[in-house]
Amino acid sequence: AQSVTQPDIHITVSEGASLELRCNYSYGATPYLFWYVQSPGQGLQLLLKYFSGDTLVQGIKGFEAEFKRSQSSFNLRKPSVHWSDAAEYFCAVSPPFGGNNRKLIWGLGTSLAVNP
Amino acid sequence: ETGVTQSPTHLIKTRGQQVTLRCSSQSGHNTVSWYQQALGQGPQFIFQYYREEENGRGNFPPRFSGLQFPNYSSELNVNALELDDSALYLCASSFDSSGTSGYNEQFFGPGTRLTVL
């Protein structure tokens, strides 16, 4: 079955520290891969996406993610976390083809807290 | 450019009632997707509308239905509300040139928080 796993439910880091949020997927083919951020009272915002090509993708707000086919992973990283990065982070996948399966499949999310 | 808007922001209903949630898509977008996000969970795909037709559906019962209007705004209707329907309902719009693409970026609204008592 198609699924997305985010192993860390909650992570706390200190401001200025580096961050890595994990995402693993189970899919028949390499899907399209996404990271979204959700802040309280706000809609989901796309941080970055991977479709093909260079496996290291750059996103907004200083985030990057690396696709590793052998590990079925798409981990999100940031070298130096800011207090404003505290939010819920979701990894999602979408089928790499059209038809009736264009839905996004989501992980359960990782809640990030940032200590001053 | 106006983003995706949803109304109402919050809603309280009782079991058995019916509810209608509304979504205005971003200017230039022709596709609307609806998601249900229960507390502490990731969003679950309900269905998608493309050019006023349902264009994909998740694992939700028929009492979840929708509409898309000529201006591409959309409604989500839920009949016979159950306690488990309490959730944040998210609308996302995108532009799809053919109705078959799986990768157009979806822009999300802030959601409608539905509480069923």
Side-chain angles (χ1 to χ4, degrees), chain A residues 1-10 21 23-25 27-53 57 59-60 67 87-111, chain B residues 2-7 9-10 23-26 30-50 53-60 64 66 87-113:
Chain A
Q2 304 157 358
S3 66
V4 176
T5 301
Q6 294 180 246
D8 305 305
I9 296 173
H10 186 86
L21 302 182
C23 173
N24 294 93
Y25 64 89
Y27 211 89
T30 299
Y32 294 141
L33 298 156
F34 306 83
W35 274 100
Y36 282 83
V37 61
Q38 186 177 38
S39 299
Q42 298 189 24
L44 288 152
Q45 182 181 25
L46 180 66
L47 287 174
L48 45 78
K49 58 185 182 285
Y50 173 79
F51 295 159
S52 64
V57 294
I60 63 172
F67 168 60
E88 191 83 15
Y89 290 80
F90 291 94
C91 179
V93 304
S94 173
F97 47 80
N100 208 27
N101 295 310
R102 56 186 53 74
K103 62 184 178 182
L104 284 169
I105 301 168
W106 301 76
L108 294 181
T110 298
S111 177
Chain B
T2 306
V4 179
T5 61
Q6 292 186 244
S7 62
T9 306
H10 296 88
C23 171
S24 291
S25 58
Q26 186 166 311
N30 58 8
T31 302
V32 172
S33 302
W34 286 93
Y35 294 85
Q36 180 195 66
Q37 186 179 15
L39 202 60
Q41 304 290 315
Q44 297 289 318
F45 175 74
I46 303 174
F47 42 56
Q48 183 183 82
Y49 278 82
Y50 170 69
E53 297 286 333
E54 188 178 290
N55 192 39
R57 188 178 183 95
N59 199 23
F60 280 81
F64 285 79
L88 181 68
Y89 288 84
L90 297 164
C91 166
S93 75
S94 57
F95 177 75
D96 185 340
S97 61
S98 66
T100 61
S101 170
Y103 56 84
N104 296 297
E105 180 177 348
Q106 297 185 17
F107 292 81
F108 284 81
T112 294
R113 172 73 62 187

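In what follows, chains carry the letters A, B, and so on, assigned in the order in which the sequence lines appear, proteins first and then strands, with residues in each chain numbered from 1.
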Best-contacting candidate, B:Pro43, B:Gly111, B:Ala92, B:Pro110, against chain A by heavy atom pairs under 4.5 angstrom
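Counting heavy-atom pairs under 4.5 Å, the top option is B:Pro43.
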
Which of B:Arg113, B:Gln44, B:Gln37 touches chain A most, by non-hydrogen pairs under 4.5 Å:
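If we count pairs closer than 4.5 Å to chain A, B:Gln37 comes out on top.
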
Distance check, rounded to the nearest 0.5 Å: [X] atom [atom1] versus [Y] atom [atom2]?
X: A:Phe90; Y: B:Gln41; atom1: CZ; atom2: CD; result: 9.0 Å
X: B:Tyr35; Y: A:Trp106; atom1: OH; atom2: CH2; result: 6.0 Å
X: A:Ser94; Y: B:Glu105; atom1: OG; atom2: CD; result: 12.5 Å

Where does B:Leu88 contact chain A at under 4.5 Å (heavy atoms): side chain, backbone, both or neither?
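Interface part for B:Leu88: side chain.
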
Enclosure of A:Ile60 CD1 (heavy-atom neighbours >12, cutoff 6.0 Å)
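Count over threshold, so yes.
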
Heavy atoms only: give me the nearest B:Phe108-A:Leu44 pair and the separation to one decimal.
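The pair with the smallest heavy-atom distance is CB-O, 3.5 Å.
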
Proximity breakdown for A:Gln38 and chain B, heavy-atom pairs closer than 4.5 Å:
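For A:Gln38, the side chain is the part near chain B, not the backbone.
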
Results of side chain to side chain contact (heavy atoms under 4.5 Å, CB included) for B:Thr112 - residues two or more places apart only
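If we apply the side chain to side chain contact (heavy atoms under 4.5 Å, CB included) test to B:Thr112, skipping adjacent residues, the hits are B:Gln6, B:Pro8, B:Leu21.
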
